[in-house]
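Positions are given from 1, in the same order as the sequence printed here.
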Amino acid sequence: MVTATATASATTDERALAELQREHGPALLSFLLGLTYGDQQRAEDLLQETLVRAWQHPEAFDGPYESMRPWLFTVGRRLAIDARRSRMARPTEIGDGVLATTPDPADVTETAVAQLDVRAAVELLSPEHRAVLVQIYFHGMSVNEAAEELGIPAGTVKSRSYYALRALARCLPGYARRR
């Protein structure tokens, strides 16, 4: 276990740290603002963490540098990179509003209502468009199989399915495409 005396002797003098902050703090903050795309709070947090590292590593003051600035900028840049990687590794957080409006997949009522809405919308399509969608989406046929079954070219099947889906999207505006 590390004692308080050992910790105190292994840190930078407060006056030296204050002088370091006065001399290099504004330039370092400006540099970190660039790395954080102008996020003031994040840049200030990185500046503070950089100065904590300088406080924890008094040996950096004894390095062969004329100035501490290169060391500070390197530490700050590495901290910014680590923070960005950490944020990218976490999944995006969503608010409660999204969860409140998302239907429960186990709710059979929602599924039944959606099926009725889709059936009613499909009935509004022209017979040619409906026949293509039935073959492709309800019978699971490929474009070529549907073309053969309906006796029309594959390009016509693609075109009709495209326009039929667009018509369905207009008839079913409350249903967003799920990704």
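- Within the model, atoms CG of Leu28 and CE of Met68 stand 10.5 Å from one another, a figure rounded to the nearest 0.5 Å.
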Run the side-chain hydrogen bond (donor to acceptor under 3.5 Å, both in side chains) check on Glu44 and Gln40 step by step: do they pass?
CA-CA 6 Å; Glu44 288 174 358; Gln40 183 77 27; 2.7 Å; yes
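- Under a cut-off of 6.0 angstrom, the local environment of CZ in Arg119 is sparse, with at most 12 non-hydrogen atoms contributed by other residues, nucleotides or ligands.
- In plain terms, the two heavy atoms of Ala154 and Asn144 that are nearest each other are CB-OD1, 3.5 Å.
- Between Leu32 atom CG and Asp39 atom CG the span is 11.5 Å, to the nearest 0.5 Å.
- To the nearest 0.5 Å, atom CD1 of residue Ile136 and atom NZ of residue Lys158 are 10.0 Å apart.
- Between Arg78 atom CZ and Leu35 atom CG the span is 13.0 Å, to the nearest 0.5 Å.
- A salt bridge does not link Glu19 with Arg15: none of the charged nitrogens is closer than 4.0 Å to a carboxylate oxygen.
- Across all non-hydrogen atoms, the minimal contact from Leu46 to Ala80 is CD1-CB, 3.7 Å.
- Looking only at side-chain heavy atoms (C-beta outward), Val118 and Tyr137 stay at 4.5 Å or farther from each other.
- Looking at Ser161, its side chain does come within 3.5 Å of a backbone N or O of Val157 through a donor-acceptor pair.
- Partners of Arg170 by salt bridge (Lys or Arg N to Asp or Glu O under 4.0 Å), not counting sequence neighbours: none found.
- Judged purely by atom type and a 3.5 angstrom limit, Thr74 uses its side chain to pair as donor or acceptor with the backbone of Pro70.
- Gly76 and Thr50 get closest at one heavy-atom pair: CA-OG1, 3.4 Å.
- Applying the ring pair (Phe, Tyr, Trp, His ring centres under 6.0 Å) rule to pairs touching residues 13-36 yields Phe31-Phe73, sequence neighbours excluded.
- Note that CZ of Arg130 is 10.5 Å distant from CG of Leu168, once rounded to the nearest 0.5 Å.
- The OH atom of Tyr163 sits 14.5 Å away from the CG atom of Leu133 when rounded to the nearest 0.5 Å.
- When side chains are defined from C-beta on, Ile152 does not count as touching Glu128, because their heavy atoms never get closer than 4.5 Å.
- Judged by distance alone, the side chain of Ser86 and the main-chain N or O of Asp82 form no donor-acceptor pair under 3.5 Å.
- The number of heavy-atom neighbours closer than 6.0 Å to CD of Gln48, taken from other residues, nucleotides and ligands shown, is 12 or below.
- Clustering ILVMFWY residues whenever any of their side-chain heavy atoms sit less than 4.5 angstrom apart, transitively, puts Met141 in a cluster other than the one holding Val134.
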